[in-house]
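Working notes, structure below.
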Amino acid sequence: MWLLATVVLIVSVVLCVTVLLLPLGIPLFALGMRLYAYGVQLMMPKPQEVKRGVRKRLGLRPRDSVGDDVKRAGKRGKKAGRQLKKKGRKQVRRTSRAMPG
């Protein structure tokens, strides 16, 4: 792609030097620059691949793992329920000891 862009740019520069063909050389120069930009886009990885690689390298979980989020929330809920149950038992014991008779 870059080779084609280079050839188009050289031809456009030659056309721009020739004053009569200047109107043809300027759009051809723009096409050559656009081809260079397209070549650079082809060389670079897609943004999604970059994000996935960064997340993997940092050890983060993927964003679309909804099933894991549901499991994690269930475990948290169970743990919170057990802790609440424990606190309730302690409170009942304290009040039953404090009550006369």
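Taking hydrophobic clusters as Ile, Leu, Val, Met, Phe, Trp and Tyr residues chained together by side-chain heavy-atom distances below 4.5 Å, Met1 shares a cluster with Leu28. Leu42 and Val8 fall within the same hydrophobic cluster, where Ile, Leu, Val, Met, Phe, Trp and Tyr residues are linked whenever their side-chain heavy atoms come under 4.5 Å apart, directly or through other members. Cluster membership for Met33 and Trp2, using ILVMFWY side-chain heavy atoms within less than 4.5 angstrom, is shared. In this structure, Leu9 is a member of the same hydrophobic cluster as Val40, with clusters built from ILVMFWY side-chain heavy atoms closer than 4.5 Å.
In the hydrophobic clustering (ILVMFWY side chains linked at under 4.5 Å, chained through shared members), Val19 stands by itself.
With values rounded to the nearest 0.5 angstrom, Leu4 atom CG is found 5.5 Å from Leu35 atom CG. Interatomic distance, Lys86 NZ to Gln91 CD, rounded to the nearest 0.5 Å: 15.5 Å. Atoms OG and CG, from Ser12 and Leu22 in turn, are 10.5 Å apart once rounded to the nearest 0.5 Å.
At a threshold of 4.5 Å between non-hydrogen side-chain atoms, the residues Met44 and Val50 do not count as touching. Side chains of Leu15 and Phe29 form no contact here, defined as non-hydrogen atoms less than 4.5 Å apart. Contact check for Arg82 versus Lys79: side-chain heavy atoms found under the 4.5 Å cut-off.
The shortest non-hydrogen separation linking Gly25 to Cys16 is C-SG, 3.6 Å.
Judged as a side chain to side chain donor-acceptor pair (under 3.5 Å), the pairs with a partner in residues 21-36 (not counting sequence neighbours) are, in order, Thr6-Tyr36.
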